Amino acid sequence: MEVAEEIEIAIVGGGICGLATALALHRKGLRSVVLERSESLRATGAGITIRTNGWRALDELGVASKLRQTAMPLQGARDICLNSGKQREIPLGGGETRCLKRMGLITALAESLPRGTIRLGCQALSVRLDSSTSSPSLHLQNGSSIKAKVLIGCDGTNSVVADFLDLKPSKLFSLSEVRGFTMYPSGHNFGNQFVQVKGDKCTVGRIPIHNKLVYWFVTQKVMYGRGGLEVPKDPELIRQLTLEAIKDFPSEMIDMISKSDAESLSNTRLRYRSPWDILIGNFRKGSVTVAGDAMHTMGPFLGQGGSAGIEDSIVIARCLAQKSAENYDKKSRARHIMMMKVEEALDKYVKERRMRLVLLSTQTYLSGLLQQDSGLIVKSVCIILMTALFSDMTRHTRYDCGCL
């Protein structure tokens with residue numbers, strides 16, 4: 001029988017949260033290994049909006065300055081009703097908001113890690129606890145096994161680690177979203193404003209990244225019935241169906257999607273983990289925990305999904321580093337005491353993150369219900385709750401996850 005490789009800290013998933021967690025641990029002097037199932041680092045979704053709180057976390061990781069050079073700061077946002085033409089300003093909350101290329105963010109994080117941290121082609125199949133040591137053991141698709149003192153699942157909505165923790169599966173909004181980039185070689189004239197045009201069945205958003213590149217999204221209500229649940233993956237089919245859906249929208253929006261980069265196009269059903277599941281969920285078992293979408297997948301309505309995962313990375317690295325620095329008796333029951341310290345650190349991480357994530361998930365959940373066909377009564381209740389709980393709608397951008 002093949003002997004399992006032993007690793008101090010194993011991170012499942014090489015997306016934004018997984019790489020950010022590895023970098024945060026590295027900055028605190030803790031070594032980790034990132035296990036990514038794909039044969040190369042990749043990003044789905046084209047662009048990612050980073051609000052003020054996310055930039056604070058990226059500053060802590062030491063990659064913010066480099067990333068700021070790739071994207072212009074947004075100076076305003078407008079919401080336009082397609083039918084009436086009425087416009088209203090959307091508050092950004094002050095501070096700093098920019099839209100990045102997801103792949104640019106992933107590359108910046110990966111290039112800041114020590115060589116050998118990332119292992120590609122390592123798909124995790126299952127997790128179990130060793131009966132003798134209580135350490136987590138990870139079984140990979142290639143037949144090998146890894147024993148880790150700490151296991152952090154950053155493996156997205158279909159998380160193997162979340163399954164091990166018996167977390168309830170994420171749920172679907174009755175919404176889908178197409179995302180892509182459009183390049184304007186001679187420059188665009190959109191300025192540095194986020195613009196969102198809302199129709200009856202879909203919403204088109206446009207965010208400039210720099211003066212020649214824009215990120216856009218089209219959020220559509222899912223039509224149940226024949227073919228209604230199918231999500232096309234072919235880029236040209238995505239483009240054609242999207243153009244058909246927005247045929248009544250302004251010509252500059254239609255032109256933007258017609259000329260978009262086919263390789264950047266993606267279409268996905270929007271998912272969420274319900275606020276009550278986050279409130280009562282068990283996010284630690286032994287020395288195993290989760291972060292990012294594996295913990296709190298949420299709709300894109302606040303532009304906080306990625307930033308929340310980066311915040312997770314800062315907090316979990318800080319908690320683990322604090323406990324590892326504490327002295328303990330190395331001669332007597334050393335491993336037992338060490339595991340207790342790890343579990344205390346993970347409990348502290350979960351406690352610190354829980355209410356922040358409950359609030360974020362509640363606000364995004366209510367926003368999603370307002371966008372989909374939820375019925376008049378449900379929408380009325382959502383408006384009341386939004387007014388009562390989130391009268392300051394940009395408060396979430398002023399959150400500070402603290403220093404590493």
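Remember, it's a predicted structure, so these values are computed and weren't measured experimentally. Side chains included, hydrogens not; waters and symmetry mates left out as well; all remaining heavy atoms used.
A pairwise comparison of heavy atoms in Gly85 and Ile80 identifies O-CG2, 4.3 Å as the closest pair. When all heavy atoms of Thr364 and Gly299 are compared, the pair lying nearest together is CG2-O, 3.9 Å. Minimum heavy-atom separation, Gly47 to Arg102: O-NE, 3.1 Å. Of all the heavy atoms in Glu96 and Trp55, the pair that sits closest is O-CD1, 3.5 Å. The nearest pair of heavy atoms linking Ser32 to Ile11 is OG-CD1, 3.7 Å. Shown here for Pro232 and Leu237, the closest heavy-atom pair between the two residues is CB-CD2, 3.8 Å.
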* To do: Output, in order, the C-alpha distance, side-chain angles, deciding distance and verdict of salt bridge (charged side-chain N to carboxylate O under 4.0 Å, His left out) for Asp59 and Arg68.
  => CA-CA 10 Å; Asp59 276 323; Arg68 286 187 176 99; 3.1 Å; yes

* side chain to side chain donor-acceptor pair (under 3.5 Å) between Ser274 and Asp277, worked out -> CA-CA 5 Å; Ser274 59; Asp277 287 340; 2.8 Å; yes

* May I have the step-by-step check of side chain to side chain donor-acceptor pair (under 3.5 Å) for Lys348 and Gln322, ending in yes or no? => CA-CA 10 Å; Lys348 185 178 180 182; Gln322 287 172 350; 2.7 Å; yes

* Where do Lys341 and Glu343 land on the salt bridge (charged side-chain N to carboxylate O under 4.0 Å, His left out) test, with the steps shown first? -> CA-CA 5 Å; Lys341 294 292 184 183; Glu343 292 174 5; over 6 Å; no

* Residues Arg273, Ser361; criterion side chain to side chain donor-acceptor pair (under 3.5 Å); working and verdict -> CA-CA 7 Å; Arg273 190 179 297 284; Ser361 63; over 6 Å; no

* Between Thr219 and Glu177, does a side chain to side chain donor-acceptor pair (under 3.5 Å) hold up when you go through it step by step? -> CA-CA 4 Å; Thr219 307; Glu177 191 162 276; 2.5 Å; yes

* Could you go step by step and tell me if Glu111 and Lys66 meet the salt bridge (charged side-chain N to carboxylate O under 4.0 Å, His left out) rule? -> CA-CA 12 Å; Glu111 289 179 348; Lys66 181 178 180 180; 3.0 Å; yes

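Two residues are said to be in side-chain contact when any heavy atoms from C-beta on lie closer than 4.5 Å; Ile209 and Leu100 fail this criterion. The shortest distance between side-chain heavy atoms of Met253 and Leu82 does not fall below 4.5 Å. Side-chain atoms of Val290 and Ile152, non-hydrogen and from C-beta on, never get closer than 4.5 Å to each other. Put simply, the side chain of Ile316 reaches to within 4.5 Å of the side chain of Thr21, judged on heavy atoms.
Two rings, from Tyr184 and Phe190, have their centers less than 6.0 Å apart. Taking the centre of each ring, Phe301 and Tyr272 stay at or above the 6.0 Å mark.
With sequence neighbours excluded, the residues forming a side chain to side chain contact (heavy atoms under 4.5 Å, CB included) with Ser380 are Leu376, listed by chain and number. Every residue was checked against the salt bridge (Lys or Arg N to Asp or Glu O under 4.0 Å) condition with Asp200, not counting sequence neighbours, and none meets it. By the salt bridge (Lys or Arg N to Asp or Glu O under 4.0 Å) test, Lys285 is found to be paired with Asp166, residues two or more places apart in sequence or in another chain being considered. Lys379 is linked by a salt bridge (Lys or Arg N to Asp or Glu O under 4.0 Å) to nothing, counting only residues two or more places apart in sequence or in another chain. Lys101 meets the salt bridge (Lys or Arg N to Asp or Glu O under 4.0 Å) test with no other residue; sequence neighbours excluded.
Between Arg206 and Glu252, at least one side-chain N (NZ, or NE/NH1/NH2) sits under 4.0 Å from a carboxylate O, which counts as a salt bridge. With respect to the salt-bridge test (charged N to carboxylate O, under 4.0 angstrom), the residues Lys259 and Asp255 qualify. In summary, Asp392 and Arg398 engage in a salt bridge, as defined by a charged side-chain N under 4.0 Å from a carboxylate O. A salt bridge is absent between Lys147 and Glu5: the closest approach of a Lys/Arg side-chain nitrogen to an acidic carboxylate oxygen does not fall below 4.0 angstrom. Residues Arg271 and Asp293 are not paired through a salt bridge, judged by the lack of any N-O separation under 4.0 Å between the basic side chain and the carboxylate. Glu352 and Arg354 are not joined by a salt bridge, as no carboxylate oxygen comes within less than 4.0 angstrom of a charged side-chain nitrogen. Salt-bridge annotation for Lys201 and Asp248: absent, with no side-chain N of the basic residue lying under 4.0 Å from a carboxylate O of the acidic one.
Checking side-chain atoms of Ser391 against main-chain N and O of Ala388 turns up no donor-acceptor pair under 3.5 Å. The backbone N or O of His210 lies less than 3.5 Å from a partner atom in the side chain of His188, making a donor-acceptor pair. For the pair Lys233 (side chain) and Asn267 (backbone), a donor-acceptor distance under 3.5 Å is present. At distances below 3.5 Å, not a single donor-acceptor pair connects side-chain atoms of Thr117 with backbone N or O atoms of Leu113. No donor-acceptor distance shorter than 3.5 angstrom exists from the side chain of Arg353 to the backbone of Ala291, with no hydrogens or angles considered. Remark: side-chain polar atoms of Ser287 are paired, donor with acceptor, to backbone N or O of Lys149 under 3.5 angstrom. Thr107 contributes no side-chain N or O that, together with a main-chain N or O of Gly104, makes up a donor-acceptor pair within less than 3.5 Å. Remark: the backbone N or O of Gly14 is paired with a side-chain donor or acceptor of Glu36 at under 3.5 angstrom. A distance-only check finds a donor-acceptor pair linking the side chain of Arg284 to the backbone of Gly286 [under 3.5 Å]. Of the possible polar contacts, one joining the Asp155 side chain to the Val160 backbone as a donor-acceptor pair under 3.5 Å is found.
Here Leu151 contributes atom CG and Leu346 contributes atom CG; the two are 10.0 Å apart, rounded to the nearest 0.5 Å. Taken from CD1 in Ile146 to SG in Cys122, the straight-line distance is 6.0 Å, to the nearest 0.5 Å. In this structure, the separation between CZ on Phe390 and OG on Ser367 is 8.5 Å, given to the nearest 0.5 Å.
The neighbour count for Lys168 NZ, taken as heavy atoms of other residues, nucleotides or ligands under 6.0 Å away, does not exceed 12. For CD of Glu6, the number of neighbouring non-hydrogen atoms (other residues, nucleotides, ligands) closer than 6.0 Å is 12 at most. Counted within 6.0 Å of NZ on Lys351, heavy atoms from surrounding residues, nucleotides or ligands total 12 or fewer; the atom is thus considered open. In Asn158, the CG atom is not crowded: 12 or fewer heavy atoms of neighbouring residues, nucleotides or ligands sit closer than 6.0 Å. No more than 12 heavy atoms of other residues, nucleotides or ligands shown are found within 6.0 angstrom of CD on Glu8.
Taking the ring centre of Trp216 as origin, the terminal cationic atom of Arg179 falls outside the region bounded by 6.0 Å and 45° from the ring axis.
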List the atom pairs, donor and acceptor, that lie under 3.5 Å between side-chain atoms in residues 72-79 and the rest of the protein, sequence neighbours left out.
| unit_1 | atom_1 | unit_2 | atom_2 | d |
| --- | --- | --- | --- | --- |
| Arg78 | NE | Gln193 | OE1 | 2.9 |
| Arg78 | NH1 | Gln87 | OE1 | 2.8 |
| Asp79 | OD1 | Gln196 | NE2 | 2.9 |

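In summary, of the residues considered (Arg51, Glu311, His296, His396), a side chain to side chain donor-acceptor pair (under 3.5 Å) with Gln304 occurs for His396 alone.
Ring pair Phe181/Tyr215 is perpendicular by interplanar angle, where above 60° counts as perpendicular and below 30° as parallel.
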